[in-house]
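Contents: one structure, followed by commentary.
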Number of protein chains: 2
Amino acid sequence: MSTSDIVDPVTEHLLDDPRITAVGLFFEAHTGLVDRFSAQLAEHGLSSVEFEVLMRLARSPGHELRMSDLAAQTSLSTSGVTRVVDRMDRDGLIRRRACPTDRRSSYAVVTPAGMRRLDETLPAHLDLIARWFTGLLGPEQLTALLEALRTIRDAVRPEATAGARGTAAAGAER
Amino acid sequence: MSTSDIVDPVTEHLLDDPRITAVGLFFEAHTGLVDRFSAQLAEHGLSSVEFEVLMRLARSPGHELRMSDLAAQTSLSTSGVTRVVDRMDRDGLIRRRACPTDRRSSYAVVTPAGMRRLDETLPAHLDLIARWFTGLLGPEQLTALLEALRTIRDAVRPEATAGARGTAAAGAER
DNA sequence: AAACAACTATACACGAGGCAACATTCCCTA
DNA sequence: TAGGGAATGTTGCCTCGTGTATAGTTGTTT
């Protein structure tokens, strides 16, 4: 085999592929936003996942969701959801409720304290979004971005499409 | 729609804010892509962060980067970089090199085996990107998306802007 | 020259999350 | 009316990454 002299011209060329730079842009923007957001959320005693759990529950009818549905929406494993709910239950933000029809499953439901916490957190969070995301783009640029993102999201994550408010039947398709 | 008790009308209203749906779209698309990609990377024995480390090193001059610069680019902590490099050093994908001018710092440099691993992994990875990301959008839609992403990335993560190939002085602006 | 501040990498303890095993419950069929 | 198979949530064990403290190195100031 030809050895060490030639490093690897093929790989060298692939590294500059526009597809690589595209995902690089996407992922770097994501981590940047996450850093900004999580710093603000930490001031209110919430981690990123805890905030997401709180949001997804609050947007659901009755402010509650079954554990497995919550896992599907957050792309956490079921055990991960169990532990997050344990934590937030201990903190009084959400509580468990036995499912009356199916004794296997249980609901996670936001407590009044949880809603209050969300109320405290959301305004500053929305400001942050406007500052580092939506506010940086022109109106038509923003709509174009959202349309592209929606296309990708729907393709790559069909089970989370029900996450939008108003769409009934969360987690019905399986 | 059940007329459930409205706990907090303010928060209720904020939950439907378009900014929330915007970041929701962004983050859900991200996690979806990460899931797809990491599944494929796992087949080649690489985690997502290991792949990113390998990529960032391979794109750098000499296929090497200082530990702290690597930490800055990947938004991992310095200790996190130490552990990843330990692992990949043990697997023979990269090795450490002492810095001749500054005895405090050390370099992480890709080994030939590491470049070979990258060579094995990249083609399928590029196919996956085309399938779930770039290929889903029209040309003008894609460029619009990339421009918007670049705007956000540059605003939110200025230290990683040097990640693009060809831009000299990685980690020079501080 | 000596003290001091700024960096760089590592060691250690901790929390977070995933996988696999497990107990329980539901559903369907023989 | 059992009984097998699928579904649901929880727990033990493991890996991974962070924050803090530590040691070693370099440059600066008096």
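Residue numbers start from 1 in every chain, and the chains themselves are labelled A, B, ... in the order their sequence lines are given, proteins ahead of strands.
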> How long is the line joining CG of B:Leu70 and C1' of C:dT10, in whole Å?
Replying inline: 15 Å
>> Which residues pass the side-chain hydrogen bond (donor to acceptor under 3.5 Å, both in side chains) test with A:Asp102, not counting sequence neighbours?
In response: A:Arg104
>> Applying side-chain hydrogen bond (donor to acceptor under 3.5 Å, both in side chains), can you list everything that pairs with B:Arg97, at least two apart in sequence or on another chain?
In response: B:Glu64
> Looking at D:dT11, C:dT8, D:dG9, which one has an atom nearest to any side-chain atom of A:Ser105?
Replying inline: D:dG9
>> Could you check whether any side-chain N or O of B:Thr111 sits under 3.5 Å from a backbone N or O of B:Gly114, counting only pairs where one atom can act as donor and the other as acceptor?
In response: yes
> So B:Phe27 and A:His30, would you call those rings parallel, tilted or perpendicular, with 30° and 60° as cut-offs?
Replying inline: perpendicular
> Nearest-Å distance, CG (A:Asp69) to P (D:dA7)?
Replying inline: 14 Å
> Within the structure shown, what part of the strands sits under 4.0 Å from A:Val84 by heavy-atom distance: base, sugar-phosphate, or nothing?
Replying inline: sugar-phosphate
>> For a quick test of reading the model: is some side-chain N or O of A:Thr82 closer than 4.0 Å to OP1 or OP2 of D:dG9?
In response: no
> Do B:Leu126 and A:Leu25 belong to the same hydrophobic cluster, where Ile, Leu, Val, Met, Phe, Trp and Tyr are linked whenever their side-chain heavy atoms lie under 4.5 Å apart, directly or via other members?
Replying inline: yes
> In whole angstrom, what separates A:Met67's CE from C:dG17's C1'?
Replying inline: 14 Å
> Of the nucleotides C:dA9, D:dG19, D:dG9, which has the atom closest to the B:Ser106 side chain?
Replying inline: C:dA9
> Which residues pass the side-chain hydrogen bond (donor to acceptor under 3.5 Å, both in side chains) test with A:Asp35, sequence neighbours left out?
Replying inline: none
>> Starting the side chain at C-beta, find the nucleotide from C:dA9, C:dC19, D:dT18 nearest to A:Ser79.
In response: C:dC19
> Rounding to a whole Å, what distance do you find between B:Asp91:CG and D:dT15:C1'?
Replying inline: 14 Å
> With sugar-phosphate meaning primed atoms plus P, OP1 and OP2, does B:Gly80 contact a base, only sugar-phosphate, or nothing at under 4.0 Å between heavy atoms?
Replying inline: base
>> If I take atom CE in residue B:Met88 and atom P in nucleotide D:dG17, what distance separates them, rounded to the nearest angstrom?
In response: 11 Å
> Taking atom C1' of D:dT25 as reference, at what distance in whole Å does atom CZ of B:Arg66 sit?
Replying inline: 13 Å
Check residues 39-51 of chain A and write down every donor-acceptor pair under 3.5 Å in which the side-chain atom is one partner and the other belongs to a residue at least two apart or another chain.
{"from": "A:Gln40", "atom 1": "NE2", "to": "A:His44", "atom 2": "NE2", "distance (Å)": "3.4"}
{"from": "A:Ser47", "atom 1": "OG", "to": "A:Glu50", "atom 2": "N", "distance (Å)": "3.2"}
{"from": "A:Glu50", "atom 1": "OE1", "to": "A:Ser47", "atom 2": "N", "distance (Å)": "2.9"}
{"from": "A:Glu50", "atom 1": "OE2", "to": "A:Arg87", "atom 2": "NE", "distance (Å)": "3.0"}

>> Going by side-chain hydrogen bond (donor to acceptor under 3.5 Å, both in side chains), name the residues that satisfy it together with A:Asp86, two or more places apart in sequence or in a different chain.
In response: A:Arg96
>> In this structure, how many angstroms lie between the P atom of D:dG9 and the CG atom of A:Leu76, rounded?
In response: 14 Å
Show me the side-chain donor-acceptor pairs of residues 77-84 of chain B shorter than 3.5 Å, one per line, residues at least two apart or across chains.
{"from": "B:Ser77", "atom 1": "OG", "to": "B:Ser79", "atom 2": "OG", "distance (Å)": "3.1"}
{"from": "B:Ser77", "atom 1": "OG", "to": "B:Gly80", "atom 2": "N", "distance (Å)": "3.1"}
{"from": "B:Thr82", "atom 1": "OG1", "to": "B:Thr78", "atom 2": "O", "distance (Å)": "3.2"}

> What is the distance, rounded to the nearest whole Å, between atom CG of B:Asp86 and atom C1' of C:dT10?
Replying inline: 9 Å
> For D:dG9, does either OP1 or OP2 sit under 4.0 Å from a side-chain N or O belonging to A:Ser68?
Replying inline: yes
Any protein N or O atoms within reach of nucleotides 24-27 of chain C? Criterion: under 3.5 Å, listing atom names and distances.
{"from": "C:dC26", "atom 1": "OP1", "to": "A:Arg103", "atom 2": "N", "distance (Å)": "3.0"}

Atom pairs under 3.5 Å, N or O on each side, protein against nucleotides 14-16 of chain C: can you list them with distances?
{"from": "C:dA16", "atom 1": "O5'", "to": "A:Arg87", "atom 2": "NH1", "distance (Å)": "3.2"}

>> Going by the rule side chain to side chain contact (heavy atoms under 4.5 Å, CB included), which residues pair with B:Thr134 if we only count those two or more places apart in sequence or in a different chain?
In response: A:Arg19, A:Ala22, B:Ile129, B:Ala130, B:Leu142
